[in-house]
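What follows is a set of notes on a single structure, which appears directly below.
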Amino acid sequence: MTAVSKIAIAGSGVAGLAAAIGLATAGVDVDVFEAAWEPSARGSGISLQGNALRVFDTLGVWEQVRAAGYAFEGLTLRAPGPDAPVVAELPDVKTGGPDYPAGMGMPRPVLAKILLAAARAAGARVRFDAKVTGADAAAEGVDVQVNDEPAGRYDLLIGADGLHSTVRRLIDIATEPQPTGMGIWRAFVSRPAEVVRSELYYGGPMYIAGYTPTGEDSMYAFLVGKAQDRFSVSDVEAARIMHEESQAYGGPWESVRADLAAGAQVNYTWFTQHIVDAPWNRGRIVVIGDAAHSCPPTIAQGAAQGLEDAAVLTELLIERDAVDPSLWDAFHARRLPRAQAVVDASVQLGQWQIDGDRDADTGGLIFGIAQQMAQPA
Ligand SMILES: Cc1cc2nc3c(=O)[nH]c(=O)nc-3n(C[C@H](O)[C@H](O)[C@H](O)COP(=O)(O)OP(=O)(O)OC[C@H]3O[C@@H](n4cnc5c(N)ncnc54)[C@H](O)[C@@H]3O)c2cc1C
């Protein structure tokens, strides 16, 4: 017996597809509605920490993720300058436990493809060009509208529809993501042989510079600076700006700049933060992932938290036989404090960079939050 037999999910990002895989595997009838026309083929890389990899294992996709990504241990800190001197080699906490690498980088479109295929293989129906536009919740079910047409009655609607969630608005949650004052340039580039783990540069003209390997031949590089209105610059102009703003960083950045000059794909976005206070549900409608919380990726835990939301919700829906207040209490008790801790730490790390606080205990904060994440979600 499960608490639901038919559910709708808005959004086919990591959170929505993780919920779809888990629930469909347990025999629940799952419809995923995705507003975009097709799976995104563009996008930069993503860092996935052990606690995210642990969720992939429970979903049965760990071996595919492992084969497609670039696993690494530890974190290298370098300083600006022509030779990019190494300042420290930090051991990582294995947040997924000893069975998984501390971290892994992979191209976002590759991860999306693995999750989409797994959701469909588990029996979930995933429809693109299908925007959830309305939802009327009654005691026994939710009537969902997609593209302004009735799409059916479900036992539950999961709003995994990202930062600017429609579902969050439909259930009158007023919390909205707020800019943190930082913006990030990201480029998908080739990996110099010497880059074998994430490397970060603090100091210099940018708040943070760095890169993470995503495969034998690839990595993503990023520069974090003051948030600026750069959203309408052309692809060519974006590559030129990132090239220019990276000049203070040497070593592997020479190779990054060569790729930028050759036309590497560059993306610009702002960091945001928010967390919805409990409850994240209104009756049989709930938000998870970026719809419920967002944070600057200063500790690369955003997607991991969305995956954990999906895993915990799935577990409760499978183990229990009713969608009742005790299910929601258990869900919030397991998810709120953990997501809040990640948002707080991520925002604090960013704020220390904005304030130029040289005495800040960056290492201590990163280590402390990693130890928390190493506990089961
Ligand atoms: C610059 C940057 C770097 C980051 N780096 C990392 C990192 O290295 N590691 C990490 O763990 N996290 C990182 N994150 C965070 C991570 O990207 C997000 O937390 C994660 O992708 C959110 O997943 P999601 O499934 O909740 O939402 P999304 O991935 O945003 O998916 C939501 C989906 O819902 C769809 N949608 C929207 N509205 C509707 C609707 N009404 N109906 C149907 N579909 C709808 C959207 O088209 C989208 O496909 C980073 C974030 C940023 C901004």
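First listed ligand is number 1; within each ligand, the first listed atom is number 1. Nothing here was measured: the structure is a model prediction, and the numbers come from that model. The figures that follow rest on heavy atoms only: side chains count, while hydrogens, waters and symmetry mates do not.
Using a 4.0 Å cut-off between charged nitrogen and carboxylate oxygen, Lys131 and Glu34 do not count as a salt-bridge pair. Classification of Arg335 and Glu308 as a salt-bridged pair holds, one side-chain N sitting under 4.0 Å from a carboxylate O. A salt bridge links Glu245 with Arg230: at least one charged nitrogen is closer than 4.0 Å to a carboxylate oxygen.
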Salt bridge (Lys or Arg N to Asp or Glu O under 4.0 Å) evaluation trace for Arg125 with Asp29: CA-CA 9 Å; Arg125 291 175 295 275; Asp29 192 54; 3.0 Å; yes
Verdict with supporting geometry, Gln301 and Asn51, side-chain hydrogen bond (donor to acceptor under 3.5 Å, both in side chains): CA-CA 9 Å; Gln301 270 287 336; Asn51 58 320; 2.9 Å; yes
Working for salt bridge (Lys or Arg N to Asp or Glu O under 4.0 Å), residues Glu89 and Arg78: CA-CA 9 Å; Glu89 298 276 10; Arg78 294 195 191 230; over 6 Å; no
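Remark: the backbone N or O of Val266 is not paired with any side-chain donor or acceptor of Arg186 at under 3.5 angstrom. No donor-acceptor pair under 3.5 Å is formed between the side chain of Arg120 and the backbone N or O of Ala124. With hydrogens and angles disregarded, no donor-acceptor distance shorter than 3.5 Å links the side chain of Asp57 to the backbone of Gly60. At least one donor-acceptor pair closer than 3.5 Å links the side chain of Thr298 to the backbone N or O of Ser346. Asn281 places no side-chain N or O within donor-acceptor distance of the main-chain N or O of Trp328, the cut-off being under 3.5 Å. Listed for the Tyr201 side chain is no donor-acceptor partner under 3.5 Å among the backbone atoms of Met206.
Protein heavy atom in closest approach to atom 52 (C) of ligand 1: Pro297 CG, 4.1 Å. Protein heavy atom nearest atom 29 (O) of ligand 1, with residue, atom name and distance: Gly13 CA, 3.8 Å. With respect to atom 47 (O) of ligand 1, the closest heavy atom belonging to the protein is Glu34 OE2, 2.6 Å. Nearest to atom 9 (N) of ligand 1 among the protein's heavy atoms is Ser47 O, 2.7 Å. Nearest non-hydrogen protein atom to atom 16 (C) of ligand 1 is Ala303 N, 3.8 Å.
Close contacts of ligand 1 with Thr166, meaning ligand atoms under 4.0 Å from a residue heavy atom, involve 41 (N). The atoms of ligand 1 that sit less than 4.0 Å from any heavy atom of Gly11 are 33 (C), 34 (O), 35 (C), 43 (C), 44 (N). Per-residue contacts place Phe33 under 4.0 angstrom from the following atoms of ligand 1 (heavy atoms of the residue considered): 43 (C), 44 (N). For ligand 1 and Ile184, the ligand atoms under 4.0 Å from any heavy atom of the residue are 1 (C). Close approach of ligand 1 to Ala304 (heavy-atom distance below 4.0 Å) involves ligand atoms 11 (O).
When ring centroids are compared, Trp185 and Tyr268 come within the 6.0 Å threshold.
In Ala15, the parts holding a heavy atom less than 4.0 Å from any atom of ligand 1 are both the side chain and the backbone. Of all the heavy atoms of Ala160, the ones lying under 4.0 Å from any atom of ligand 1 belong exclusively to the backbone.
Contact annotation: Gly306 has no heavy atom less than 4.0 Å from any atom of ligand 1. Using a 4.0 Å cutoff on heavy atoms, Tyr220 counts as a contact of ligand 1. The shortest separation from a heavy atom of Arg186 to ligand 1 is under 4.0 Å, placing the residue in contact. Residue contacts with ligand 1 include Arg108, since one or more of its heavy atoms lies under 4.0 Å from the ligand. Judged by the shortest distance from any of its heavy atoms, Ala130 lies inside the 4.0 Å radius around the atoms of ligand 1.
For Phe271, no nitrogen or oxygen atom sits less than 3.5 Å from a nitrogen or oxygen atom of ligand 1, counting backbone and side chain alike. Residue Ala35 places at least one N or O, backbone or side chain, under 3.5 Å from an N or O of ligand 1. Ligand 1 has no N or O atom lying under 3.5 Å from any N or O atom of Thr269, backbone or side chain.
For the residue pair Gly159 and Ala291, the shortest heavy atom distance occurs at O-CB, 3.6 Å.
Checking Ile9, Asp161, Val14 against atom 37 (C) of ligand 1, the nearest heavy atom belongs to Asp161. Here atom 19 (O) of ligand 1 lies nearest to Asp290 when heavy atoms of Asp309, Val132, Asp290 are compared. In this structure, of Gly289, Gly162, Gly302, Ala10, the residue bringing a heavy atom nearest to atom 27 (O) of ligand 1 is Gly162.
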